[in-house]
Enquirer: 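Before we start, here is the structure in question, set down as structure tokens.
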Amino acid sequence: QEKVQQSPESLIVPEGAMSSLNCTFSNSASQSIWWYQQHPGKGPEALISIFSNGNKKEGRLTVYLNRASLHVSLHIRDSQPSDSAVYLCAVSMDYAQGLTFGLGTRVSVFP
Amino acid sequence: GGIITQTPKFLIGQEGQKLTLKCQQNFNHDTMYWYRQDSGKGLRLIYYSITENDLQKGDLSEGYDASREKKSSFSLTVTSAQKNEMAVFLCASSHRGTEVFFGKGTRLTVV
């Protein structure tokens with residue numbers, strides 16, 4: 001069974017700083033790795049996904065995947081107060097069976 | 001775009017009661033999911049369905065039944081609500097391994 005662990009549990013950063021989140025997973029045969037953002041009282045929303053080793057950049061987001069070390073990281077450049085949310089790392093083994101989620105990292109960005 | 005609608009938004013039940021949660025999606029997605037989100041335990045998969053009338057058990061299926069009579073709808077039944085139970089139930093859908101979209105959730109409290 002896939003296991004997903006996230007660190008840190010919480011992160012407090014000033015506006016304009018970089019937020020860096022980490023995620024490790026247990027199975028190198030995992031398909032895609034997704035990062036979701038969840039605001040209070042809302043469902044998770046997908047931010048970015050990665051399948052191949054290396055990095056992927058979309059706007060202020062950059063994700064790095066290293067399958068050999070079973071590690072993926074998310075970096076949010078120029079963090080804004082509106083980025084304050086819980087960020088969930090999710091791993092897909094089989095597209096039909098859904099995603100396995102980590103417990104999340106709570107990010108707080110202060111002005 | 002599309003939307004996932006979950007009803008009701010809030011559900012208060014009594015111990016031992018059978019409770020039904022409903023979900024509708026207009027994405028025309030094949031696969032639908034029910035997740036449970038508890039504080040400190042992340043999202044856990046209860047049931048999923050890869051097509052109309054298909055049902056597959058997730059890791060947390062004990063104590064629940066599900067029904068997928070139409071492609072667009074997926075319902076979940078708590079067969080016997082447990083006293084002091086409090087959780088958020090999230091419905092989701094996806095198409096063949098692409099992004100998983102979530103509804104806003106049904107918040108269950110059992111008194």
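Every chain is numbered from 1, with letters handed out A, B, ... down the list of sequences.
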Enquirer: Are B:Phe27 and B:Phe101 close enough that their ring centers fall under 6.0 Å?
Expert: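 Yes, the ring of B:Phe27 comes within the 6.0 Å limit of the ring of B:Phe101, centre to centre.
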Enquirer: With a 4.0 Å cut-off, would you call B:Arg68 and B:Asp54 a salt bridge?
Expert: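 Looking at B:Asp54 together with B:Arg68, the answer is no, because their closest N to O distance does not fall below 4.0 Å.
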Enquirer: Quick check: A:His71 with A:Tyr64 (ring centres under 6.0 Å apart)?
Expert: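 Centroid separation for A:Tyr64 and A:His71: 6.0 Å or greater.
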Enquirer: Taking the six-membered ring for Trp, are B:Tyr33 and B:Phe102 closer than 6.0 Å centroid to centroid?
Expert: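 Ring centroids of B:Tyr33 and B:Phe102 are no less than 6.0 Å from each other.
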Enquirer: Check whether B:Lys9 gets within reach of chain A through its side chain, its backbone, both or neither, counting any heavy atom under 4.5 Å.
Expert: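 Neither; nothing under 4.5 Å.
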Enquirer: Name the region of A:Glu45, side chain, backbone, both or neither, that has any atom closer than 4.5 Å to a heavy atom of chain B.
Expert: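 No part of it gets close to chain B.
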Enquirer: Is it the side chain or the backbone of B:Gln37 that comes within 4.5 Å of chain A heavy atoms, both, or neither?
Expert: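 For B:Gln37, the side chain is the part near chain A, not the backbone.
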Enquirer: Before accepting this row, confirm whether a basic side-chain N of the pair A:Glu58/A:Lys56 lies closer than 4.0 Å to the acidic partner's carboxylate O.
Expert: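 Salt bridge present between A:Glu58 and A:Lys56.
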Enquirer: Looking at A:Gly104, A:Pro44, A:Gly43, A:Gly41, which one has more heavy-atom pairs under 4.5 Å with chain B than the rest?
Expert: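 Between A:Gly104, A:Pro44, A:Gly43, A:Gly41, the count favours A:Pro44.
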Enquirer: Within the supplied structure, the quantity of interest is the number of heavy atoms (other residues, nucleotides, ligands) at a distance under 6.0 Å from B:Leu55 CG; does it exceed 12?
Expert: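 Yes, CG of B:Leu55 has more than 12 neighbouring heavy atoms, counting only those of other groups under 6.0 Å.
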Enquirer: Go through the atoms of B:Asp59 and report whether side chain, backbone, both or neither lie under 4.5 Å from a heavy atom of chain A.
Expert: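 Side chain of B:Asp59 only, per the 4.5 Å heavy-atom cut-off to chain A.
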Enquirer: Taking side chain as everything from C-beta outward and backbone as N, CA, C, O, which of these in B:Leu43 sits under 4.5 Å from a heavy atom of chain A? Side chain, backbone, both or neither.
Expert: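 Both parts, backbone and side chain.
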Enquirer: Name the region of B:Arg107, side chain, backbone, both or neither, that has any atom closer than 4.5 Å to a heavy atom of chain A.
Expert: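 Looking at B:Arg107, just its side chain touches chain A.
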